[in-house]
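Right, one structure below, let's go through it.
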Amino acid sequence: MRELWATGWIHNKIRVIVSSFAVKMLLIPWKWGMKYFWDTLLDADLESDILGWQYISGCLPDGHKLERLDDPAIQGAKFDPEGEYVRQWLPELARMPAEWIHHPWNAPLTMLRASGVELGQNYPKPIIDIDLAREQLTEAIFKMWENEAAAKGSGSEERHEVVDDSENLAIPKVYLKDKAPRATSSSNDQKVPTLNPRSDPPNRKRLKCTAQVEQKQDNSQNLSKDTGVSGIDQEVSSTAESSCKRQSSSTYSFSVPEQCSSSSNMKCSWQDQLEMEQSSSKDGAMGG
């Protein structure tokens, strides 16, 4: 127990001896020892801790027998014959010979004095005798069996378990409600950003463009019916218009202003008029 308190670990065989001493010799509930191991062991495992104490106490079908009681002195002499483990953690027994180190209370008085051991002073006396512990364990087991038989006898006449198949009860069903999953930090990072509801979505713009194109096609078809323009000319004009639109939409393209185009037309008409006058004057001179 000193090693357990100092290091938080004890050998598996020491754990068996401690649990057997607590449950079988001191008649302490196994849950008390399990809680103490859980608080002190660094490698404490809840399942192993519970099953280990139940195994030693005899609660499991394949565990120790209820009447089994392991003597700590015999176990110590078997697994630590030279007493090195005892001398390490019980320095008050360091000078005791290996013959008496596991049960110093049975050593002669002269041996105790030579080893510097004073029972009840620097080393405690046994808290319980092994024979008395065995008698108390046997009494506790018989008392437990008597109480169990009395409980079965009192409840056997009143309790009769019968399976009733007269009513067919429906099995309850569980209906899960559709709930939107809660967003977590990881899912937020993977979400696609939504569009601003105030701005027009691209689908709406696409619909507008298609509507305008269809309207222009209808107008061109009506114009061709009225003027008699062929479909090839319409396609050429539509491609020309689309190319002009692409050039005007580009940032690097430019277009000729309407004023410049009108002035060029005026210039062309003035030159034609001047050439016509010159040709008429030449014709008059030749006729004269």
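Keep in mind the model is a prediction, meaning the values are calculated, not measured. Quick note: residue numbers are just sequence positions, from 1.
- Scanning both residues, Pro97 and Arg87, for their nearest heavy atoms gives C-NH2, 3.9 Å.
- In this structure, Val16 is not a member of the same hydrophobic cluster as Ile10, with clusters built from ILVMFWY side-chain heavy atoms closer than 4.5 Å.
- Contacts classified as salt bridge (Lys or Arg N to Asp or Glu O under 4.0 Å) and involving residues 50-79 (residues at least two apart or in different chains) are given here: Arg68-Asp70.
- The shortest non-hydrogen separation linking Leu112 to Leu119 is CD1-CD1, 4.0 Å.
- Inter-residue side-chain proximity for His64 and Ser20 is flagged as unmet; no heavy-atom pair is nearer than 4.5 Å.
- Between the CD atom in Gln136 and the CG atom in Asp129 there is a gap of 10.0 Å [rounded to 0.5 Å].
- A donor-acceptor contact shorter than 3.5 Å is absent between the side chain of Arg95 and the backbone of Val117.
- Contact check for Trp100 versus Pro108: side-chain heavy atoms found under the 4.5 Å cut-off.
- Counting only distance, with no hydrogens or angles, the side chain of His102 and the backbone of Gly76 share a donor-acceptor pair below 3.5 Å.
- The distance from atom CZ of Phe37 to atom CG of Leu4, rounded to the nearest 0.5 Å, is 6.0 Å.
- The closest side-chain heavy-atom distance from Phe79 to Ile14 is not below 4.5 Å.
- Side chain of Ser57 to backbone of Gln54: a donor-acceptor contact under 3.5 angstrom is found.
- Taking all atoms of both residues into account, the shortest heavy-atom contact from Gly116 to Asn122 is O-ND2, 2.8 Å.
- Residues Leu90 and Ile101 are not in side-chain contact: their nearest non-hydrogen atoms beyond the backbone lie 4.5 Å or more apart.
- Here the straight-line distance linking atom CD of Glu3 with atom NE2 of His11 works out to 10.0 Å at 0.5 Å rounding.
- Residues Val86 and Met96 form no side-chain contact, since every pair of their non-hydrogen atoms from C-beta on lies 4.5 Å or further apart.
- Rounding to the nearest 0.5 Å gives a distance of 10.0 Å between CG of Leu109 and CD of Glu118.
- Leu60 is listed as a side-chain neighbour of Tyr55, based on a closest heavy-atom distance under 4.5 Å.
- No path of Ile, Leu, Val, Met, Phe, Trp and Tyr side chains, each step under 4.5 Å between heavy atoms, connects Ile28 with Leu51, placing them in separate hydrophobic clusters.
- Under the 4.5 Å side-chain contact rule for hydrophobic residues, Ile127 and Ile17 do not share a cluster.
- The side chain to side chain donor-acceptor pair (under 3.5 Å) contacts involving residues 22-51 comprise Arg15-Asp43, Asp45-Ser48, Asp49-Trp53, where partners must be two or more places apart or lie in separate chains.
- Under a hydrophobic clustering in which Ile, Leu, Val, Met, Phe, Trp and Tyr are joined whenever their side-chain heavy atoms come within less than 4.5 Å, directly or via other members, Leu132 and Ile74 fall into different clusters.
- Hydrophobic clustering of Ile, Leu, Val, Met, Phe, Trp and Tyr side chains at less than 4.5 Å, counting indirect connections, keeps Ile128 apart from Ile56.
- Nearest approach of Lys125 to Gly120, heavy atoms of both residues: CG-N, 4.0 Å.
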